[in-house]
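Notes for the one structure printed next.
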Amino acid sequence: AQKVTQAQTEISVVEKEDVTLDCVYETRDTTYYLFWYKQPPSGELVFLIRRNSFDEQNEISGRYSWNFQKSTSSFNFTITASQVVDSAVYFCALGSSNTGKLIFGQGTTLQVKP
Amino acid sequence: DAGITQSPRHKVTETGTPVTLRCHQTENHRYMYWYRQDPGHGLRLIHYSYGVKDTDKGEVSDGYSVSRSKTEDFLLTLESATSSQTSVYFCAISPGDPALDTQYFGPGTRLTVL
């Protein structure tokens with residue numbers, strides 16, 4: 001079965017703190033993709049990153065970084081020096097070539113306080 | 001930003017009435033999707049389309065039907081709305097494989113069934 005677990009329902013940090021959002025997935029496929037989306041308070045879903053199962057290199061984009069570890073089936077997302085504008089719900093998703101579907105985790109609500 | 005619009009953006013209706021939500025894209029993408037978002041469930045796929053007049057069910061398709069008569073338009077119909085269908089509905093598009101290509105989301109439609 002395909003499954004994505006975001007165990008942290010809500011996280012609250014103070015501005016400038018670093019924060020890591022966890023994502024653990026389950027799949028038996030060898031070919032799959034992992035995604036992160038951001039949903040700010042305005043409600044739209046914004047694509048952040050897509051990573052395939054054969055590329056375990058970590059990725060950094062400004063204050064955002066992603067750590068993909070196949071050994072632990074995790075694809076964690078770290079925000080460095082968080083800002084109030086980072087406050088949002090963040091979704092991790094798994095795309096499996098076997099199911100042909102995108103499966104979402106339940107989301108983590110991040111609140112960054114000034 | 002991907003050119004995706006949804007209409008209406010908000011709707012309040014009564015139990016038992018039919019409701020149609022429209023998704024329109026200007027990207028000429030092959031795939032289109034309807035998701036619903038509910039607290040604690042993340043996003044769940046209702047139906048998707050892989051071409052004009054080609055559609056398939058997602059994980060929560062009961063009570064919903066879809067149609068796609070043109071590449072750019074994907075309609076979601078609730079034949080007889082129920083209170084359990086109160087939700088936020090998102091349309092998404094992708095150029096190719098639903099599981100491997102990035103899906104881009106519309107702004108969402110908030111539907112309330114009284």
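Values in this document were obtained by computation on a predicted structure and should not be read as measured data.
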TODO: Kindly say whether Gly40(B) contributes a backbone atom to a donor-acceptor pair with the side chain of Gln106(A) at under 3.5 angstrom?
DONE: yes
- [ ] Is it possible for you to say whether Met32(B) and Leu21(B) belong to one hydrophobic cluster, with membership spreading through side-chain heavy-atom contacts below 4.5 Å?
- [x] yes
Task: Region of Tyr33(B) that comes under 4.5 Å of a non-hydrogen atom in chain A - done: neither
TODO: State, to 0.1 Å, how close Tyr37(A) and Gln103(B) come at their nearest heavy-atom pair, and which atoms those are.
DONE: OH-O, 2.6 Å
Open item on the list: To check you understand the geometry: which heavy-atom pair defines the closest contact between Lys57(B) and Lys101(A), and what is its length?
Closed with: O-CE, 4.0 Å
Open item on the list: Just checking Ile60(A): does its CD1 atom have more than 12 heavy atoms from other residues, nucleotides or ligands closer to it than 6.0 angstrom?
Closed with: no
Task: Cluster link Val66(B) to Val88(B), ILVMFWY, side chain under 4.5 Å - done: yes
TODO: For atom CD of Glu17(A), decide whether the heavy atoms of other residues, nucleotides or ligands shown that lie under 6.0 angstrom number more than 12.
DONE: yes
- [ ] Search all heavy atoms of Leu100(B) against all heavy atoms of Phe35(A) and return the closest pair with its distance.
- [x] O-CZ, 4.0 Å
Task: Residue pair Phe47(A), Phe105(B): steps toward the ring pair (Phe, Tyr, Trp, His ring centres under 6.0 Å) verdict - done: CA-CA 8 Å; Phe47(A) 164 72; Phe105(B) 287 80; 10.0 Å; no
TODO: With a 4.5 angstrom heavy-atom cut-off, could you sort out which part of Gln6(A) is near chain B: side chain, backbone, both or neither?
DONE: neither
Open item on the list: Taking every non-hydrogen pair under 4.5 Å, which of Gly95(A), Gly107(A), Gly43(A) racks up the most with chain B?
Closed with: Gly95(A)
Task: Spacing of Phe91(A) atom CZ and Leu43(B) atom CG [to the nearest 0.5 Å] - done: 5.5 Å
- [ ] Pick one of side chain, backbone, both or neither for Asp101(B), based on which atoms fall under 4.5 Å of a heavy atom in chain A.
- [x] both
Open item on the list: Between Leu102(A), Asn52(A), Val89(A), Ile103(A), who has the most heavy-atom pairs with chain B when the cutoff is under 4.5 Å?
Closed with: Leu102(A)
Open item on the list: Determine whether a donor-acceptor pair (N or O, by modelled atom type, separation under 3.5 Å) exists between the side chain of Arg44(B) and the backbone of Phe104(A).
Closed with: no
Task: Linked, directly or transitively: Val113(B) and Leu75(B) (ILVMFWY side chains, under 4.5 Å) - done: no
